[in-house]
Amino acid sequence: PGGPLGAPCRFAHYFVICGIDNETGLEPDALAGENFDQSPLKRTFKSKVLAHYPENIECNPFDQDAVNMLCMPKGLSFRTQRDSRTPQFHSFLITREDGSRTYGFVHTFYEEVTSPQICSAMQTLLQMHQAEHNASAHNCPSMDSLASSLDEVESPSSTSSSQGGRRSCGCSGEGYDSVRDTLYVSKAMCLITPMPFMHACKHFLSQVHRAVISHQPPPLPLESYIYNILYEVPLPPPGRSLKFHGVYEPILCQRPGVGELPLADFPLSEAFQLLGVENLVQIFTCVLLEMQILLYSQDYQRLMVVAEGITTLLFPFQWQHVYVPILPASLLHFLDAPVPYLMGLQSKEGTDRSKLELPQEANLCFVDIDSHCIELPEDFPQFPNKTEFIQELSEVLLSFGLSPEGGSASPEPAVSSQTSMLVKELKSTSLSELVDDRKNGNLGGEALDVLELLQVNPTLERLQALAKRTGVKVARLEALAAGQKAVGEEGVGGRSPAEEEELRNAKLNVQLREVFAARFATMFADYESFVIQNSPDLESWLTNREQMHNFDKASFLSDQPEPYLPFLSHFIETQMFATFIDNKIMSQWEEKEPLLRVFDGRIEKARLYNVRAPSLRSSVYQKCTFLKESAQAIEQRLRKIDHTAIHPHLLDMKIGQGKYQHGFFPKLQADVLASGPTNNKWSNRTCSTQRRVDRHRQQNDHLVLDNDLKEKYMQEARNLGKNLRQPKLSDLSPAVIAQTNWKFVEGLLKECKMKTKRMLVEKMGREAVELGHGEANITGLEENTLIASLCDLLERIWSHGLQVKQGKSALWSHLLHYQTREEKNEQLLESPVSNGQEKRKPESSVGLPALRVSVIQDMRHIQSMGEIKTDVGRARAWIRLSLEKKLLSQHLKQLLSNQALTKKLYKRYAFLRCEEEKEQFLFHLLSLNAVDYFCFTSVFTTIMIPYRAVIIPIKKLSNAMTTSNPWLCVSGELGDSGILQITKNILEMTFDCQNLGKLTTVQLGHDNSGLLAKWLVDCVMVRNEITGHMYKFPCGRWLGKGVDDGSLERVLIGEFVVPCNDDDGGRGSKTPPLQRSPSQIRRISITSLTGRGNKPTTVQIQESIGEAVNSIIKHFHKPEKERGSLTVLLCGEGGLVWALEQFFHHGFRSARIFQKNVFVWDFYERTVAFMENADQIGDLQETPEPLGLNCESFCRYVNAINNMPRNIGKDGKFQLLVCLGARDRLLPQWLPLLTECPIITRMYEENALLRDKLTVSSLIAVLETLHDFPITLESSLTKSVEL
């Protein structure tokens, strides 16, 4: 296309004019959704693209509808001479199918309407409008009330003459009379460019506008300037600056070099001033975590500045989802897109935020730019080192004289340059005339007055104090205070104040961005070590992209400082992180994606400077070191211009056309502007390198791959929302909307499939890994992240196509509607169990009646939890509870089975009304029943929970009746219930207590009263009545004096009972219970088994001790939050106590002298007696010192256990001694004492393991490996031992 300066190298691609088409006249803009109660002057009418030059460019085809919609998002607006008609500037961007972007810069001004037809049409509309008003007034009882109500409706909009002007039917100064009044209509000039050189385009357009309204015609016809910028001004090469000429003044622009942060010309200072540092960092975090972000402001440019500002700060990552900084009114239905998005919505004058109906808010970050406030999603993790980060950003802002809290923005966001904070502060005082030159505080002569004023201004004093505290210089204040005159009009070295301002802005921009980039460079300094590269070539990588793990998440997280984890574990699950890693892997075969190249360069550089071992992870904050040099690079480019473009010149135009007419934009000669020159001084420059760089710049999402196959796979591999990146602005027919929604539905289903699969794989851990599913071992943190993202997905599904909603959570709102209906039905039926809906679970175990399965019941549990204050929180808690109960799929199926309700709440295209997808979705959720989650119990640790306990005696062997009074104490990972008395012979009780977490032990005992004080107990069952989790505490022994080991109380170790549900057919396979050896039949007592030929062999005994010790060591190698119960490993089935018990029973002579059993504890007691005796006689004097100490400690421990007030029986005492010995690291020291003691020969056979020196010394070595770990014992074990 036109001329040797190929389109990709040109500075601008199109020049466009939009406005009113005199032929078609006034067409109301129905899509913009304006109401007809408004005065016609305030309604919106359709605008048209009146002209654009050139006709078309191949690499960037002209999209007429999109450009028209974004140049004038509100359509045409009319004004009369009474209204303010300040020109406005805004920008927009269009994202193309392949993800590349084009930018538009728009200058909107008002032009007098000359067409008599349009003037009279407007007058007719106004007369009709007034007639309607009068008609409605006649039906009103009193005219006065109407007049006042009308005044409220039609409040004077920026009309100066509202009081003085005549009133036409209560419409204050709103009338229009074609004879007396002049009518103006908006018109827009727009430049469309491949790169966002915002300042340069703004200057160019405002100079063109100046030429239109000035009293003298411009030096050359306007065509010359437009032709120049379209065809003769090139893009500056990377790392260079360029000067070209506007109508009156030269314009500068510069482009970052290859190793620098990419071009971003939108003023970040403005974004920080609009929102304040704290808010901006919070929004930034929401964007990083791919939530839904909705920006809200009256001013399009503000929407654009904040959106572009935040997305440039993401470097080296890129936003991967829907990105529409200015959402035209006609696309409002896009707000119910169930995908992450970053959109900007223009607020109508005078409308309140509360009036805004948003389909989904559970995961929404709502940014009200004009009132400087943000609404954040609930409980999202904070950015690492947030406080120090905010402090560093504040220092950068302060050094430029800006307040970190953000200032009240200047009242008219018109075509003004970014006023600095000081000017805003001054503006708030009465010195407006002083500042109206908007030279940003370059106040020249009045410096002294200003200084006096500054001294008395409290905000500024605060600013100065803050500056002094942080040691940052506020440049301009210092200069003024030193009595120097601030820079005058000429500026520095003949540069205009505007140029100075621009340089200052560019330096501030780059420094703020460097601080952000430095955070990522430290956080991901070692990311390369965790990238998994296992494909031989690009082809095979692309084909297997879906199945492969490309980043070792678990290892990466384990290497990070603890405080970073909540944020990082979420962030590495995002699409932007996945894409970043994909780009890294692809850089083996392709040219590196530009952002990645810069980032990797940064990390390399940091490594050279800072030689810290990557293993030494610390969360110490490291400040950015690049600030100075990055600012200098820009300054050098702008101070010394590298290239100057051809001057605008006269073109070969037809004489007499396009006559200059003051105040009107001329009709340009299309034929001169249709194509570029055939030869100019840029023609020799080959554009290929340039074009390549540009393409890279723009294809900022993925590299251009050649063959279709790659393209196809890439599209597949890329995210769901990609094809929805940018809604097609041109075609808004119902069919297209349906098509878009269909894509959403498919995307949601795919996402659900991926998430459930990931949750299963992670949870099943090692078994899955052996089956080849990728990474192992899920950490609690990661599990939480996955569950949170599942909650988030469900909220998005429930808010897709929603019509009626209460509160912020779409899912909870649906549940509430369901609850109301069900409760009504219950009252109608007058029966507590509504038919069929609340199926009972089959009797799942002896002794406990089954819990009802009921959606409503689970909702009531959540509603009664005072800790949860919001709907979103309730919905999340309900999902967690259902997941823990393995009822999520079933509950949701139940909820959706009420089709009348679903129809009432959802539009036809909603996900929940697509039958087949809904079924598949429920099926994916069903697969989660295959694993055990404790995601409710482990999160809501402070709530009160009803528990139910049942004691099950062995009926055959004992009188199930007992005369004594039983008691019980239940302990869990989070605490214990205290001692609970149980009513005699009922053996069942319900008690409320604060969440105990996973249950670990039960102490069971009785007071030995009455005649029948012996009791043979099979087990105790305890159930959490909210989650339905059941634990079994096997006992299988007697409690009573003179029977078994004489124990009146026992500590029983719990095991989680995996429920066996028959109600749902195939509810997915179960994982085998974790950490438990195949359960043996609980011994009645090891002692009584010894006579029965099923003794374990010596090898088995040694193996079981080794396994028990191994389990304890593994326990301590897990992250603290996921360790589970140590008690089980010590005292449970196959635990240390059990293994040592087998060891001590080997070759033990438990011959029944007079039918009385002998226990290992008896051996201990006799050993102690012997030692104490020997001590008195003095036999032990000769023993070496440590042995004597060991004797002393052994005796002390055994006596302390014997002197306890508790009646725990001999086996219970043995258990306690082993636990205390393991805790205090004494077991290896006690063993030699027992082997040396002469008592051993009386009580053990010759071949006993305890009498074998070698075995004992290897056992000592095994037990010593536990010394590295801090073993802590549950209070239920050690209660009342005096040591």
Side-chain angles (χ1 to χ4, degrees), residues 1-15 17 53-54 57 105 107 189-195 197-214 216-237 240-255 265 490-491 493-496 498-499 502-503 637-655 657-658 660 665-666 668-687 690:
L5 180 56
C9 306
R10 294 188 200 149
F11 180 85
H13 283 174
Y14 294 100
F15 180 81
I17 296 288
Y53 312 102
I57 293 178
F105 300 96
H107 183 97
M189 295 185 290
C190 164
L191 270 183
I192 292 180
T193 65
M195 294 182 77
F197 288 107
M198 184 200 88
H199 285 100
C201 296
K202 187 171 168 177
H203 290 320
F204 179 81
L205 292 171
S206 64
Q207 291 187 37
V208 172
H209 183 229
R210 233 172 85 195
V212 171
I213 56 175
S214 81
Q216 275 77 43
L220 294 168
L222 282 185
E223 282 87 342
S224 298
Y225 303 103
I226 292 166
Y227 180 87
N228 184 49
I229 199 166
L230 284 178
Y231 301 112
E232 295 174 326
V233 176
L235 279 173
R240 297 304 176 83
S241 49
L242 168 78
K243 173 165 145 186
F244 65 94
H245 295 272
V247 185
Y248 300 108
E249 290 147 22
I251 296 169
L252 304 184
C253 59
Q254 55 93 27
R255 182 167 162 187
D265 201 26
E490 310 72 53
R495 295 162 53 81
S496 67
E499 288 175 336
E502 202 158 308
L503 173 60
R637 278 199 292 272
L638 284 178
R639 297 244 185 252
K640 184 189 140 297
I641 300 300
D642 298 307
H643 300 288
T644 308
I646 299 177
H647 276 261
H649 49 86
L650 272 173
L651 301 171
D652 180 14
M653 292 188 7
K654 300 191 179 62
I655 308 297
Q657 280 192 4
Y660 169 76
F665 193 87
L668 300 174
Q669 293 189 21
D671 47 351
V672 235
L673 294 176
S675 64
T678 44
N679 160 313
N680 68 29
K681 81 167 189 189
W682 294 96
S683 56
N684 334 353
R685 204 177 123 205
T686 61
C687 265
Q690 190 57 31

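For clarity, every value in this text was computed on a predicted model and none was experimentally measured.
Ring geometry, His209 versus His107: the interplanar angle falls from 30° to 60°, so the pair is classed tilted. Using a 30° and 60° split on the angle between ring planes, Phe204 and Phe244 fall in the tilted class, from 30° to 60°.
Annotation: the span from Leu242 atom CG to Leu252 atom CG amounts to 8.5 Å, rounded to 0.5 Å. The CD atom of Glu232 lies 12.5 Å from the OH atom of Tyr225; values are rounded to the nearest 0.5 Å. Note that CD1 of Ile213 is 12.5 Å distant from CZ of Phe665, once rounded to the nearest 0.5 Å. Rounded to the nearest 0.5 angstrom, Ile229 CD1 and Ile251 CD1 are separated by 6.5 Å. In this structure, Arg240 CZ and Arg637 CZ are separated by 10.0 Å, a value rounded to the nearest 0.5 Å. Taking OG from Ser224 and CG from Leu673, the interatomic distance works out to 9.0 Å, rounded to the nearest 0.5 Å.
Contact between Ile641 and Ser241 at its shortest, heavy atoms only, is CA-OG, 3.5 Å. Shown here for Leu220 and Pro648, the closest heavy-atom pair between the two residues is CD1-O, 3.6 Å. What you find for His13 and Ile57 is that their closest heavy atoms are O-CD1, 3.3 Å. Minimum heavy-atom separation, Arg10 to Pro194: O-CG, 3.7 Å. Scanning both residues, Leu191 and Ala12, for their nearest heavy atoms gives CD2-CB, 4.0 Å. Residues Met195 and Phe105 approach most closely at O-CE1, 4.4 Å, considering heavy atoms.
Side-chain contact between Arg210 and Val247 is absent, with no heavy atoms from C-beta onward closer than 4.5 Å. Using a 4.5 Å heavy-atom threshold, the side chains of Asp642 and Pro236 count as separate. Considering only heavy atoms from C-beta on, Pro666 stays 4.5 Å or farther from Glu223 through its side chain. The shortest distance between side-chain heavy atoms of Pro234 and Phe11 does not fall below 4.5 Å.
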Assess the residue pair Tyr53 and Leu668 against the criterion (side chain to side chain contact (heavy atoms under 4.5 Å, CB included)); give the C-alpha distance rounded to whole Å, side-chain angles, the decisive distance to 0.1 Å, and a yes or no.
CA-CA 10 Å; Tyr53 312 102; Leu668 300 174; 3.6 Å; yes

CA sep, side-chain torsions, deciding dist, call: Leu222, Val212, side chain to side chain contact (heavy atoms under 4.5 Å, CB included)
CA-CA 9 Å; Leu222 282 185; Val212 171; 4.0 Å; yes

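Under the side-chain contact (heavy atoms from CB on, under 4.5 Å) rule, His203 has a single partner from Met198, Glu249, Glu502, which is Glu502.
Side-chain atoms of Tyr227 do not come within 3.5 Å of backbone N or O of His649 as any donor-acceptor pair.
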